[in-house]
Amino acid sequence: IDRTQFRDLTTRQSRVSPGMTRAQVEALFGPPDLFLGNGRSGEGGTLVWVDQLWQVDVILDDEGRVLRSGRMRSDSTLNRALGRAPAINR
């Protein structure tokens, strides 16, 4: 497994808060792996980052500011082999 495929998305996602701009979010994560526009005019939509363990989604309003963010296990070969992501103890 290539260690570069683990980008510590959960820690980065914990730093995202409502009202942040898209530029501020991209400063934390880098360019998104995927952007899904919301179909309306403006900058709204969903920014998506994925690594071997997690997928992080950041939802933007029409002005390009964070409404909310969340994470889920990614559909990676590693997660399918493990059956579930390892527990994170903090």
Side-chain angles (χ1 to χ4, degrees):
I1 298 170
D2 185 358
R3 293 181 63 111
T4 62
Q5 295 302 311
F6 299 96
R7 300 187 288 176
D8 201 17
L9 293 179
T10 57
T11 299
R12 294 176 191 194
Q13 190 263 332
S14 70
R15 296 179 184 143
V16 175
S17 59
M20 290 177 71
T21 65
R22 179 177 178 165
Q24 290 172 314
V25 173
E26 288 188 13
L28 289 172
F29 290 95
D33 296 321
L34 179 66
F35 175 71
L36 302 169
N38 63 11
R40 298 188 303 260
S41 63
E43 299 178 37
T46 304
L47 302 166
V48 180
W49 290 267
V50 181
D51 70 10
Q52 289 291 328
L53 296 176
W54 298 101
Q55 173 178 322
V56 170
D57 300 328
V58 176
I59 313 300
L60 304 175
D61 65 16
D62 290 337
E63 295 176 2
R65 293 194 172 269
V66 174
L67 290 172
R68 66 185 176 279
S69 67
R71 66 178 174 249
M72 66 183 89
R73 287 188 307 135
S74 65
D75 187 30
S76 68
T77 303
L78 179 61
N79 268 334
R80 288 192 301 270
L82 291 175
R84 65 184 195 91
I88 297 175
N89 297 320
R90 294 185 188 239

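Smallest separation of non-hydrogen atoms from Leu47 and Phe35: CD2-CD1, 3.4 Å. The two atoms that bring Ser14 and Thr11 nearest to each other are OG-O, 2.5 Å, heavy atoms only.
If you take CG on Leu28 and CG on Leu9, they are separated by 11.0 Å, rounding to the nearest 0.5 Å. From Trp54, atom CH2 reaches atom CG of Asp8 across 11.5 Å, with rounding to the nearest 0.5 Å.
Under the 3.5 Å distance criterion, the side-chain polar atoms of Ser74 are matched with a main-chain donor or acceptor of Asp51. The closest donor-acceptor contact from the side chain of Trp49 to the backbone of Pro31 lies under 3.5 Å.
Grouping the Ile, Leu, Val, Met, Phe, Trp and Tyr side chains by contacts below 4.5 angstrom, directly or via other members, places Val56 with Met20. Note: the hydrophobic cluster containing Leu34 does not contain Ile59 (ILVMFWY, side chain heavy atoms under 4.5 Å, direct or indirect links).
Contact check for Val66 versus Val25: side-chain heavy atoms found under the 4.5 Å cut-off. With contacts defined as side-chain heavy-atom distances shorter than 4.5 Å, the pair Thr46/Leu60 does not qualify.
Applying the side-chain hydrogen bond (donor to acceptor under 3.5 Å, both in side chains) test to Gln13 and every residue at least two apart in sequence or in another chain returns Ser69, Arg71. In this structure Thr21 satisfies the side-chain hydrogen bond (donor to acceptor under 3.5 Å, both in side chains) test together with Gln24, sequence neighbours excluded.
In the hydrophobic clustering, where aliphatic and aromatic side chains (Ile, Leu, Val, Met, Phe, Trp, Tyr) are joined below 4.5 Å either directly or transitively, Met72 stands alone.
Pairs engaging residues 11-40 under the salt bridge (charged side-chain N to carboxylate O under 4.0 Å, His left out) rule: Arg7-Asp33, Arg22-Glu26, Arg40-Asp62 [sequence neighbours left out].
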